[in-house]
Chemist: 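Dumping the structure here so I can ask a few things about it.
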Amino acid sequence: MAMESFGKLLREARERKNIDIETAANETVISKTYLQALEQEQLDIFPSETYLTGFLRNYAEYLEVDVGRITSLYRAKKIQEAPIPPSLLQRSRPKFLIPLIITAIALLVIGAGIAVWLIFFNKEEIIDGTTVLSSEIDKNRHELTDQPFTKRVYKGDIIAVPSTEGNIDLIIGQTLNELQIITPAGTQTLELSEERELDIDGQGGAEIIVYLSDISRSDASRGAEVRVVLKDKSLAASAQTDMESIPESSQVANQRYAIHEDNRAYPFTTTITVRAACMIRYKIDSQEEVEDYYTAGDLLTIQSSNGVRLWLSNINAAKIQVQAGVQHYDLEMGKAGQVVAEDIKWVREAPGAYKLVVIGLD
């Protein structure tokens, strides 16, 4: 019996609603090329798995088709097309099969015993009434240095903060709607766009500054993006614009327009309000690139000192606003369905004259 086709279900649902592919593309803010690829199950056209699954869910919801059923059929297709492991093609049964089975059963019994021990004997630690994940659980560990970092963190991750007595480990708790950071002094809770100085050892005085720039309101698995800075006077300059690295305006090609002009350059904030499903990639100053899939209602706040590079899979799916000083500017960066890559950065027009400009990228 042939496997049911998720592409066929999507196409039939669209046709039952008398919606042409162009209308669907406009209303979902997903390009016609991608919608046709979904209906024809041409999976190779998508740049990544994240794109594909995100667009698939969004299109199924738009057509009022069971999202769970569609995604299950997609996964089944992937499994069906995956190459068969060579071991499964072995026709003859080796003579040592029975001893091998006995050994495997013994290993399973031992593994079960270890699991029971981890559950009942290696219990979670408690700090000031707060449950902390067991140290045996595998987590991502982020080492905080004398330089600020902006990273996406997930439940169970550790941020190691240096101190005179060694590292103080902070554990990421909840990452849904609000961020919980579990410290030796108790649990700290931050809301979206909140910046706070934290006393993490309970000795009085704050050791770090944490800014929560992005967190999902519906999906805890997406984690949260934080900017963490050691609270030290010697680091004060790190939050300022590096004036020496600002390029001359005449040396920067493809300038589309200036957002803001001033007699000095300073850190600015870019806020992206997501109106429909899209992929966003960005790079703050010289930090590592960050990429994630966003859905309608998400809010992404990016703080940068010299500049930020933005890449959006569909510019019409997001509203972009820049705050420089006390001024706010709405950016219009492209047409519906257009993939956009832009730099927003300071350039030097003349001594004592600076412009924050939008630069088009190839």
Chemist: State, yes or no, whether a side-chain contact exists between S221 and K155 at a heavy-atom distance under 4.5 Å.
Modeler: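 S221 vs K155: side chains apart.
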
Chemist: Please say whether the positively charged group of R57, taken as NZ for Lys or CZ for Arg, lies over the ring of Y74, i.e. under 6.0 angstrom from the six-membered ring centre and within 45 degrees of the axis.
Modeler: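 So R57 doesn't make the cation-pi contact.
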
Chemist: For a quick check under 3.5 Å, do D20 and T23 share a side-chain donor-acceptor pair by atom type?
Modeler: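 Their side chains do contain a donor-acceptor pair, which is all the 3.5 Å distance test asks for.
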
Chemist: Would you indicate whether the side-chain heavy atoms of T183 and Q188 approach each other to under 4.5 Å?
Modeler: yes

Chemist: Do any N or O atoms from the side chain of N263 and from the backbone of G352 form a donor-acceptor pair under 3.5 angstrom?
Modeler: no

Chemist: Compare every heavy atom of G54 with every heavy atom of Y293, then report the nearest pair and how far apart it is.
Modeler: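 Y293 and G54 have their closest heavy atoms at OH-O, 2.9 Å.
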
Chemist: Starting at CD1 of I171, measure out to CD1 of I158 and round the result to the nearest 0.5 Å.
Modeler: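 One gets 5.5 Å once the value is rounded to the nearest 0.5 Å.
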
Chemist: Say whether, by atom type as modelled, one donor and one acceptor occur between the side chain of R217 and the main chain of N177 under 3.5 angstrom.
Modeler: no

Chemist: Applying a strict under-4.5 Å side-chain criterion to I, L, V, M, F, W and Y, I'd like to know whether V65 and I19 cluster together.
Modeler: yes

Chemist: Assigning hydrophobic clusters by single linkage (Ile, Leu, Val, Met, Phe, Trp, Tyr; side-chain heavy-atom cutoff under 4.5 Å), is L192 placed with L179?
Modeler: yes

Chemist: Does a side-chain heavy-atom distance below 4.5 Å link I159 with K151?
Modeler: no

Chemist: Is the side chain of D242 donor-acceptor paired with the backbone N or O of E244 at a distance under 3.5 Å, no angle test?
Modeler: yes

Chemist: Run H142 and D157 through side-chain contact (heavy atoms from CB on, under 4.5 Å) and show every step you take.
Modeler: CA-CA 8 Å; H142 309 284; D157 281 6; 3.3 Å; yes

Chemist: Nearest heavy-atom pair of G360 and R256: which atoms, and what distance?
Modeler: N-CG, 3.9 Å

Chemist: Check whether more than 12 heavy atoms from other residues, nucleotides or ligands sit under 6.0 Å from atom CD of E288, and answer yes or no.
Modeler: no

Chemist: Check for me, please, whether L52 and L9 land in the same ILVMFWY cluster - side-chain distances under 4.5 Å, paths through other members count.
Modeler: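 Shared cluster, yes.
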
Chemist: Between D214 and R152, does any side-chain N to carboxylate O distance fall below 4.0 Å?
Modeler: yes

Chemist: Is there side-chain contact between L10 and I70, with heavy atoms separated by less than 4.5 Å?
Modeler: yes

Chemist: Checking E15 side chain against E12 main chain: does a donor-acceptor pair fall under 3.5 Å?
Modeler: no

Chemist: State, to 0.1 Å, how close D285 and S305 come at their nearest heavy-atom pair, and which atoms those are.
Modeler: OD2-N, 2.9 Å

Chemist: Are the side chain of Q255 and the backbone of S249 linked by a donor-acceptor contact shorter than 3.5 Å?
Modeler: yes

Chemist: Please examine the side chains of V228 and I209, heavy atoms only from C-beta on, and report whether any two atoms are closer than 4.5 Å.
Modeler: no

Chemist: What distance do I259 atom CD1 and Q323 atom CD have between them, rounded to the nearest 0.5 Å?
Modeler: 12.5 Å

Chemist: Decide side-chain contact (heavy atoms from CB on, under 4.5 Å) for Y266 and W346; before the verdict, give the C-alpha distance in whole Å, the side-chain angles of both, and the deciding distance to 0.1 Å.
Modeler: CA-CA 9 Å; Y266 36 78; W346 286 105; 4.0 Å; yes

Chemist: Do E27 and Y62 have side-chain atoms, one donor and one acceptor, less than 3.5 Å apart?
Modeler: yes

Chemist: Thinking salt bridges, do K8 and E41 make one under a 4.0 Å N-O criterion?
Modeler: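 So K8 does not pair with E41 through a salt bridge.
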
Chemist: Verify salt bridge (Lys or Arg N to Asp or Glu O under 4.0 Å) between R227 and E195, making sure each step is shown before the conclusion.
Modeler: CA-CA 9 Å; R227 176 178 171 86; E195 180 177 276; over 6 Å; no

Chemist: Give, for atom OG1 of T271 and atom CD1 of I302, the distance between the pair rounded to the nearest 0.5 Å.
Modeler: 8.5 Å

Chemist: May I ask you to decide whether D262 forms a salt bridge with K355, counting only side-chain N to carboxylate O separations under 4.0 Å?
Modeler: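 No, D262 and K355 are not salt-bridged.
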
Chemist: List, by chain and number, the other hydrophobic cluster members for V347, where Ile, Leu, Val, Met, Phe, Trp and Tyr join if side-chain heavy atoms come within less than 4.5 Å, directly or indirectly.
Modeler: V252, V357, I359

Chemist: Testing the basics here: between T301 and T269, what is the closest heavy-atom pair and its distance to 0.1 Å?
Modeler: CG2-CG2, 3.6 Å

Chemist: Determine the minimum heavy-atom distance between D298 and R222, stating which atoms define it.
Modeler: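 Looks like OD2-NH1, 2.5 Å.
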
Chemist: Suppose we screen for side chain to side chain donor-acceptor pair (under 3.5 Å). Which residues come up paired with R281, at least two apart in sequence or across chains?
Modeler: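 Checked R281 against side chain to side chain donor-acceptor pair (under 3.5 Å); matches are E291.
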
Chemist: Is there a chain of hydrophobic side chains (I, L, V, M, F, W, Y, each step under 4.5 Å between heavy atoms) that links Y59 to V67?
Modeler: no

Chemist: Answer yes or no: is there a donor N or O on one side and an acceptor on the other, between the side chain of Q174 and the main chain of L176, under 3.5 Å?
Modeler: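 Indeed, once roles are kept as given, a pair shorter than 3.5 Å links the two residues.
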
Chemist: Using the rule that two of Ile, Leu, Val, Met, Phe, Trp, Tyr join whenever any of their side-chain heavy atoms come within less than 4.5 Å, decide whether Y211 and V161 are in one cluster.
Modeler: no

Chemist: Report yes if some heavy atom in the side chain of L300 is under 4.5 Å from a heavy atom in the side chain of V274; otherwise report no.
Modeler: no

Chemist: Atom CG of L331 and atom CD1 of I320: how far apart are they, to the nearest 0.5 Å?
Modeler: 6.0 Å

Chemist: Please confirm whether the backbone N or O of Q287 pairs with a side-chain atom of K283, one donor and one acceptor, at under 3.5 Å?
Modeler: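 Side chain of K283 to backbone of Q287, a donor-acceptor pair under 3.5 Å: yes, one is there.
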
Chemist: Tell me yes or no: between the side chains of S245 and N306, is some donor less than 3.5 Å from an acceptor?
Modeler: yes

Chemist: May I ask you to test the E248-E349 pair for a side-chain heavy-atom distance under 4.5 Å?
Modeler: no

Chemist: Compare every heavy atom of E207 with every heavy atom of I200, then report the nearest pair and how far apart it is.
Modeler: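 Looking at all heavy atoms of both residues, the shortest contact is N-OE1, 2.7 Å.
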
Chemist: Kindly determine whether I181 and V226 satisfy side-chain contact (heavy atoms from CB on, under 4.5 Å), including the steps that lead there.
Modeler: CA-CA 11 Å; I181 303 177; V226 295; 5.7 Å; no

Chemist: Can you tell me how far CG of L312 sits from CD of E342, rounded to the nearest 0.5 angstrom?
Modeler: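 Taking CD in E342 and CG in L312, the distance rounds to 9.5 Å.
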
Chemist: Will you find, in the side chains of Q180 and T187, an N or O donor that is under 3.5 Å from an N or O acceptor?
Modeler: no

Chemist: Without swapping roles, check the side chain of T175 against the backbone of A220 for a donor-acceptor pair under 3.5 Å.
Modeler: yes

Chemist: Taking the basic N atoms (NZ, or NE/NH1/NH2) and the acidic carboxylate oxygens, is any pair closer than 4.0 Å for R309 and E289?
Modeler: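 No, R309 and E289 are not salt-bridged.
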
Chemist: Yes or no on side-chain contact (heavy atoms from CB on, under 4.5 Å) for L361 and D343, after CA distance, side-chain angles and deciding distance?
Modeler: CA-CA 7 Å; L361 302 176; D343 273 347; 3.8 Å; yes

Chemist: If you round to the nearest 0.5 Å, how far is OG1 of T33 from CD1 of I21?
Modeler: 9.5 Å

Chemist: Between the side chain of R348 and the main-chain N/O of M243, is any donor-acceptor distance below 3.5 Å?
Modeler: yes

Chemist: Considering residues at least two apart in sequence or located in another chain, which fulfil the ring pair (Phe, Tyr, Trp, His ring centres under 6.0 Å) criterion with Y329?
Modeler: H260

